[in-house]
Amino acid sequence: MLEVKNVTKRYGKNIACNDVSFTLEPGTLTVLLGPNGAGKSTIIKSIIGFLKFEGSITVNGVNNKTPEARKYLGYIPELPSLYPNLTVIEHMEFIARAYKLTDYKDRIDMLLTRFELDDKRKKFGDELSKGMQQKLNLCLGLLPDPDILLLDEPMLGLDPHAIKELKNYIEELRQAGKTMFISTHIIDSVDMLWDRTIIMQGGQIRANVARDEIEGSGKSLEDLFFEVTEGIEKEAVSSSGDEA
Ligand code: ADP
């Protein structure tokens with residue numbers, strides 16, 4: 001279980017995350033929605049241990065910055081940071097060695113095939129198109145097969161085949177009992193099976209709802225998103241004449 005408790009992150013006077021608390025239950029897929037600048041990347045970077053923050057984040061009860069906690073965590077950043085003079089296969093082997101993986105060759109083959117990079121093995125990082133870089137970024141994040149996977153805007157820049165493949169892969173990970181946390185500002189991109197949605201705006205959590213709560217309310221995720229982030233609710237609009 002991953003617990004985020006009262007996390008606040010300030011950049012000078014700007015508060016990127018303000019007293020954010022939530023829990024990721026094991027084996028669940030949580031979607032983090034919010035407009036640009038809501039604080040989604042900040043909370044993900046805090047969880048993975050890249051940022052200093054106030055509050056606490058624990059993985060199975062252990063501080064997220066300890067080696068013990070970090071071995072459970074995986075991260076796919078929004079923007080790839082590749083080495084221009086390493087090839088695709090060298091990037092994959094670099095990650096395999098960094099994570100001390102054993103018997104990883106078949107997993108590399110599987111990932112490169114699924115994300116259509118198999119014929120690009122010998123291409124250098126700076127020879128890849130933006131979409132291919134994004135796909136390699138995904139493969140690098142998926143290779144260690146962590147128990148808790150954080151994906152920051154993973155669909156950005158992907159072609160339709162890769163989006164479909166990623167959604168299938170996410171569903172397989174979900175069925176294998178992995179815990180996933182996926183941030184996006186594109187509601188349509190998370191039409192896969194999710195268990196919980198957290199909506200952030202202005203650095204704060206504005207809603208944290210289980211799938212059956214939304215389905216039971218008869219609203220779509222989009223309805224809820226606009227209701228929460230823009231105050232657009234049918235009843236509220238019709239009663240707006242009550243305001244002074
Ligand atoms: P999101 O991922 O939801 O688009 P971010 O977490 O990137 O939002 O940003 C939240 C807020 O923090 C924004 O106001 C953004 O400008 C600010 N911010 C993010 N990173 C930095 C940084 N390195 N320095 C200063 N402000 C930052």
Side-chain angles (χ1 to χ4, degrees), residues 24 27-38 40-41 43-45 47-48 73-82 88-89 91-92 95 106-121 123 125-200 209 211 214-215 220-226 229:
L24 302 183
T28 60
L29 190 161
T30 302
V31 166
L32 177 63
L33 289 178
N36 291 325
K40 304 183 298 298
S41 291
I43 199 70
I44 288 185
K45 285 182 193 159
I47 295 172
I48 199 71
L73 293 170
Y75 170 56
I76 298 182
E78 181 178 1
L79 297 173
S81 52
L82 302 178
V88 166
I89 190 69
H91 276 91
M92 295 295 274
I95 291 295
D106 287 350
R107 246 185 98 64
I108 290 181
D109 289 347
M110 178 273 291
L111 287 166
L112 294 182
T113 303
R114 287 188 69 161
F115 291 97
E116 296 186 307
L117 289 173
D118 202 36
D119 59 342
K120 307 285 183 301
R121 284 169 178 256
K123 290 254 184 216
D126 63 357
E127 288 179 319
L128 299 173
S129 71
K130 285 236 168 66
M132 288 176 200
Q133 291 184 10
Q134 200 65 22
K135 291 196 270 191
L136 179 54
N137 184 43
L138 277 178
C139 292
L140 296 171
L142 294 171
L143 181 61
D145 199 23
D147 281 348
I148 304 175
L149 184 60
L150 314 170
L151 301 102
D152 194 356
E153 301 278 4
M155 315 288 177
L156 277 191
L158 295 182
D159 60 31
H161 174 91
I163 290 177
K164 188 162 165 258
E165 200 55 53
L166 178 60
K167 286 182 178 177
N168 290 341
Y169 201 85
I170 287 172
E171 182 54 25
E172 286 167 33
L173 292 178
R174 188 171 174 274
Q175 296 202 359
K178 304 286 184 183
T179 307
M180 281 174 287
F181 190 49
I182 305 179
S183 96
T184 183
H185 65 284
I186 306 166
I187 304 172
D188 290 349
S189 68
V190 287
D191 57 353
M192 76 279 278
L193 280 178
W194 46 269
D195 301 292
R196 183 166 281 283
T197 291
I198 295 176
I199 301 179
M200 280 187 83
V209 285
R211 187 179 190 103
I214 296 187
E215 286 176 352
S220 68
L221 194 51
E222 193 177 40
D223 292 338
L224 181 77
F225 181 84
F226 286 118
T229 59

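This chain uses plain numbering: 1 for the first residue, then up along the sequence. All values reported here derive from a predicted model rather than from experimental measurement.
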Nearest 0.5 Å, what's the CG-CG distance between L156 and L79?
8.0 Å
Once rounded to the nearest 0.5 Å, what's the spacing between atom CG of D152 and atom CD1 of I48?
11.0 Å
Can you find a heavy atom in the side chain of I187 that is under 4.5 Å from one in the side chain of V31?
no
In the structure I gave you, are the side-chain heavy atoms of I43 and M200 within less than 4.5 Å of one another anywhere?
yes
Using side-chain contact (heavy atoms from CB on, under 4.5 Å) as the criterion, point out the one residue from L82, D119, I108, L136 that pairs with V88.
L136
Tell me the closest heavy-atom pair linking N137 and P77, and the distance in Å.
ND2-O, 2.9 Å
Any carboxylate oxygen within less than 4.0 angstrom of a Lys/Arg side-chain nitrogen, looking at R114 and E172?
yes
I would like to know whether L33 and T184 meet side chain to side chain contact (heavy atoms under 4.5 Å, CB included); could you show each step before the answer?
CA-CA 5 Å; L33 289 178; T184 183; 3.5 Å; yes
With E215 via salt bridge (charged side-chain N to carboxylate O under 4.0 Å, His left out) - residues at least two apart:
R211
Please check this pair: side chain of E153 against backbone of H185, looking for a donor-acceptor N/O pair closer than 3.5 Å.
yes
Taking every non-hydrogen atom, the tightest pair across L73 and I47
CD1-O, 3.6 Å
Just so I know, are the side chains of L224 and T197 near enough to count as touching, which here means a heavy-atom distance under 4.5 Å?
no
Flag side-chain contact, heavy atom, 4.5 Å: Y75 against K45
yes
If you measure from CD1 on I199 to NZ on K40, what distance do you get to the nearest 0.5 Å?
11.5 Å
Do the non-hydrogen side-chain atoms of S183 and F181 ever get within less than 4.5 Å of each other?
no
The test is side chain to side chain contact (heavy atoms under 4.5 Å, CB included); show your working for M92 and L140 and say whether it passes.
CA-CA 6 Å; M92 295 295 274; L140 296 171; 3.5 Å; yes
With side chain to side chain contact (heavy atoms under 4.5 Å, CB included) as the test, would you mind laying out the steps for L111 and Y169 before giving the verdict?
CA-CA 10 Å; L111 287 166; Y169 201 85; 3.8 Å; yes
Are the side chain of D223 and the backbone of S220 linked by a donor-acceptor contact shorter than 3.5 Å?
yes
Once salt bridge (charged side-chain N to carboxylate O under 4.0 Å, His left out) is applied, do any residues pair with D118, and if so which ones, sequence neighbours excluded?
R121
For the atom pair NZ (K178) and CG (L149), what is the distance rounded to the nearest 0.5 Å?
9.0 Å
One should read off an interatomic distance between Q133 CD and H91 NE2, to the nearest 0.5 angstrom, of 9.0 Å
Using modelled atom types and a 3.5 Å cut-off, is there a donor and acceptor pairing between side-chain atoms of R107 and backbone atoms of L142?
yes
Answer yes when D195 and R174 have at least one side-chain N-carboxylate O distance shorter than 4.0 Å, and no when they do not.
yes
Quick one: do K167 and M155 satisfy side chain to side chain contact (heavy atoms under 4.5 Å, CB included)? Show the steps, please.
CA-CA 9 Å; K167 286 182 178 177; M155 315 288 177; 4.0 Å; yes
Testing the basics here: between T229 and P35, what is the closest heavy-atom pair and its distance to 0.1 Å?
CG2-CD, 4.3 Å
Drop me the distance from L24's CG to T179's OG1, to the nearest 0.5 angstrom.
7.0 Å
N/O donor-acceptor pair under 3.5 Å between E165 side chain and F115 backbone
no
